[in-house]
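What follows is one structure encoded as structure tokens, with my remarks underneath.
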Amino acid sequence: MRLASNTVAGRIRTQLSHDWNVAGPYQWGTVTAVNTSPNSVDVKMDGSDYVTPGVRYMSGYSPTVGDVVFVARMQGSSRTARVVHGKLA
């Protein structure tokens, strides 16, 4: 059985939190620094010269400076945050 990507995304959102929604557009970025407390990375988004500090990342990703990464914006009732989903091939 093949599921549409929006169906899979909807199921993931429901399982993660009822308060968070993917608030596209998705972005790409380049990791400029890896932080250990809390576990996050600093990222230059979409080729910008501006560094976005403290972007959290998914638990299965092991960041390295210079990685080109896939980033989603997650929007809750009172906040918006970016989350690195992993390295782009």
Applying side-chain contact (heavy atoms from CB on, under 4.5 Å), can you list everything that pairs with T32, at least two apart in sequence or on another chain?
D42, K44, V51

V55 and R82: which non-hydrogen atoms are nearest, and at how many Å?
CG1-O, 3.6 Å

With a 4.5 Å cut-off on side-chain heavy atoms, are F70 and Y26 touching?
yes

Under the 3.5 angstrom rule, does the side chain of R56 hit a backbone N or O of V84 as a donor-acceptor pair?
no

V69 versus W28: any side-chain heavy-atom pair under 4.5 Å?
no

So Y61 and P63, do their side chains get closer than 4.5 Å, heavy atoms only?
yes

Does any part of the side chain of T64, heavy atoms only, come nearer than 4.5 Å to the side chain of V34, both counted from C-beta?
no

Quick check: does any side chain N or O of S48 sit under 3.5 Å from a backbone N or O of D46, one acting as donor and the other as acceptor?
no

